[in-house]
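Right, one structure below, let's go through it.
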Amino acid sequence: MPRPFRFGINMFALDDGASWRQKCRHAEELGYDVLLVPDHLGMPAPFPALIAAAEATERPRVGTFVLNAGFWNPALLAREVASADALTGGRLELGLGTGYVRAEHETAGLPWGSPGRRVDHLQHTVEELDRLLGDAGYAPQPAQKPRPPLLIGGNGPRMLRLTARHAQIAAFTGGRQAPGKAEGVLELLPPDALAASVARYHEYAAGRPEPAELNILVQQVLPTDDRRATAREVAARDIGLAEDQVLDSPTLLIGTPAQMAEQLRERRERYGFSYITVLEPFLEAFAPVLEELKGS
């Protein structure tokens with residue numbers, strides 16, 4: 001049997017506390033399963049925002065999508081994670097990545113380093129979190145044992161190996177640095193390249209005692225009665241995909257709610273993606289698709 005769908009909404013606009021809590025309650029009413037916050041300068045601080053989200057709602061889990069490990073000292077992060085998990089009643093999911101925006105590190109006065117150094121730091125962070133939070137004498141204690149579920153996002157071989165060894169959720173962004181463009185500007189992976197990343201992950205994860213949940217970040221949700229015409233428009237935006245690749249991309253949803261629901265069912269069958277994350281601007285556009293897939 002396929003793993004049941006879960007749906008997350010990645011929220012990054014904060015005006016004030018009242019509107020943030022109302023938005024979280026609305027997402028819960030629409031049926032989202034996980035309320036998520038990214039980790040970028042100029043956006044809400046993740047842990048306070050998630051604690052407020054949990055206090056405003058009853059059912060959804062809350063999570064980081066994803067923390068930039070380069071912003072965090074592992075020992076201090078362990079304290080934040082344990083505290084947030086305790087304060088949310090064990091509803092926290094911890095997403096981690098290496099970060100991809102050099103300018104944010106420079107603004108924060110933090111080292112950027114090579115890709116290899118950033119993966120080294122992420123690996124050290126994961127291992128320290130496992131060590132500290134798995135210690136029965138650690139204080140404060142997280143509500144979930146031995147620690148909250150870990151999501152790791154990335155596409156490179158080292159990241160996929162790290163994900164296979166440690167993460168309960170393997171996240172695929174479907175994006176990469178756009179050649180010839182400013183650092184941090186991403187383009188979408190062609191479907192065959194994304195399929196190769198998933199296959200490589202499964203190769204590394206072959207010895208796992210339990211399979212991980214596979215997550216995909218949907219970059220755009222585009223309601224339309226003419227999928228081909230919309231795909232042509234999207235391909236013309238220079239996102240790295242041709243028209244047919246746009247129609248087949250797991251990171252894009254195009255069509256009527258019923259068509260988009262069928263796309264997600266097909267991609268769950270083909271790739272294993274059962275945990276679907278959409279971005280805040282598409283909170284309302286995705287809601288009819290979520291309704292189509294209720295209980296799937």
Side-chain angles (χ1 to χ4, degrees), residues 1-12 23-38 46 49-50 53-54 56-67 81 84-85 88-97 143-144 147-154 163-164 166-174 194 198 201-202 205 208 210-221 250-253 257-258 260-296:
M1 291 291 292
R3 188 187 289 261
F5 281 116
R6 286 203 305 155
F7 302 102
I9 181 73
N10 203 26
M11 305 190 299
F12 41 78
K23 179 166 56 179
C24 293
R25 286 191 289 268
H26 183 52
E28 179 178 28
E29 291 165 357
L30 290 175
Y32 287 93
D33 300 296
V34 194
L35 308 179
L36 300 160
V37 178
L50 293 177
T57 59
E58 295 181 3
R59 180 185 55 82
R61 294 178 66 80
V62 296
T64 56
F65 197 85
V66 297
L67 288 186
V81 170
D85 195 46
T88 61
R91 291 162 66 184
L92 181 66
E93 297 180 2
L94 177 64
L96 288 174
Q144 299 175 89
R147 57 155 170 74
L150 177 63
L151 173 152
I152 298 179
T163 304
H166 293 279
Q168 286 70 54
I169 306 166
F172 295 84
T173 63
L194 182 57
V198 174
Y201 166 80
H202 283 303
R208 288 178 61 100
E210 294 183 6
E213 185 176 34
L214 301 193
N215 170 276
I216 186 68
L217 172 61
V218 174
Q219 300 282 348
Q220 295 189 59
V221 179
T251 53
L252 299 169
L253 286 174
M260 288 190 275
E262 187 54 36
Q263 290 162 46
L264 290 176
R265 292 189 189 98
E266 187 274 333
R267 291 162 188 175
R268 180 174 61 179
E269 178 67 26
R270 191 195 325 180
Y271 299 95
F273 297 137
S274 60
Y275 178 8
I276 313 300
T277 299
V278 299
L279 300 173
E280 180 178 342
F282 304 105
L283 181 146
E284 298 289 350
F286 187 72
V289 185
L290 198 159
E291 186 66 24
E292 289 269 350
L293 291 168
K294 186 178 292 184
S296 297

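Computed over heavy atoms, backbone and side chain alike; hydrogens, waters and symmetry mates excluded. Because the structure is a prediction, the values reported are computed rather than measured.
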Side chain to side chain contact (heavy atoms under 4.5 Å, CB included) assessment of Glu93 paired with Ile169: CA-CA 9 Å; Glu93 297 180 2; Ile169 306 166; 3.7 Å; yes
Stepwise side chain to side chain contact (heavy atoms under 4.5 Å, CB included) check, Arg6 with Asn215: CA-CA 9 Å; Arg6 286 203 305 155; Asn215 170 276; over 6 Å; no
CA sep, side-chain torsions, deciding dist, call: His26, Leu283, side chain to side chain contact (heavy atoms under 4.5 Å, CB included): CA-CA 10 Å; His26 183 52; Leu283 181 146; 3.8 Å; yes
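Not a single donor-acceptor pair under 3.5 Å links the side chain of Arg61 to the backbone N or O of Leu36. Of the possible donor and acceptor atoms, none in the side chain of Tyr32 sits under 3.5 Å from a partner among the backbone N and O of Leu290. Side-chain N or O atoms of Gln219 include none that pairs as donor or acceptor with a backbone N or O of Leu252 at under 3.5 Å. Gln144 contributes no side-chain N or O that, together with a main-chain N or O of Pro149, makes up a donor-acceptor pair within less than 3.5 Å. Remark: the backbone N or O of Gly95 is paired with a side-chain donor or acceptor of Thr64 at under 3.5 angstrom. At distances below 3.5 Å, at least one donor-acceptor pair connects side-chain atoms of Arg268 with backbone N or O atoms of Arg3.
The two residues Gly272 and Leu214 have their closest heavy-atom pair at O-CB, 3.4 Å. When every heavy atom of Val37 is checked against every heavy atom of Pro46, the shortest pair comes out as CG1-CA, 3.9 Å. Pairing each heavy atom of Ala167 with each of Ala212, the nearest pair is O-CB, 3.9 Å. Shortest non-hydrogen contact noted between Leu35 and Ala27 is CD2-CB, 3.7 Å. Minimum heavy-atom separation, Ala164 to Arg208: O-NH1, 2.9 Å. Minimum interatomic distance between Pro148 and Val81 (heavy atoms only, all atoms of both residues): CG-CG1, 3.8 Å.
By the 4.5 Å heavy-atom criterion applied to side chains, Met11 and Cys24 are counted as neighbours. Counting heavy atoms from C-beta outward, Val198 and Arg270 have side chains that stay 4.5 Å or more apart. Side-chain contact between Ser274 and Glu213 is present, with at least one heavy-atom pair separated by less than 4.5 Å. Counting heavy atoms from C-beta on, the side chains of Tyr201 and Phe172 come closer than 4.5 Å. With contacts defined as side-chain heavy-atom distances shorter than 4.5 Å, the pair Asp33/Arg59 qualifies. Here the side chains of Leu264 and Phe273 are not in contact, with every heavy-atom distance at 4.5 Å or above. Within the 4.5 Å cutoff, side-chain heavy atoms of Arg91 are placed close to those of Thr57.
Legend: ring pair (Phe, Tyr, Trp, His ring centres under 6.0 Å) pairs involving residues 274-296, not counting sequence neighbours, sorted by first then second residue: Phe7-Phe286.
Among Ile216, Leu217, Thr173, the one residue that satisfies the side chain to side chain contact (heavy atoms under 4.5 Å, CB included) test with Thr251 is Ile216. Partner of Lys23 under the salt bridge (charged side-chain N to carboxylate O under 4.0 Å, His left out) criterion, chosen from Glu280, Glu29, Glu28: Glu280.
Distance CD1/Ile9 to CZ/Phe65: 11.0 Å, rounded to 0.5 Å. The NE2 atom of His166 sits 14.5 Å away from the CG atom of Leu151 when rounded to the nearest 0.5 Å. Between the CD atom of Gln263 and the CG atom of Leu253 there is a distance of 5.5 Å, given to the nearest 0.5 Å.
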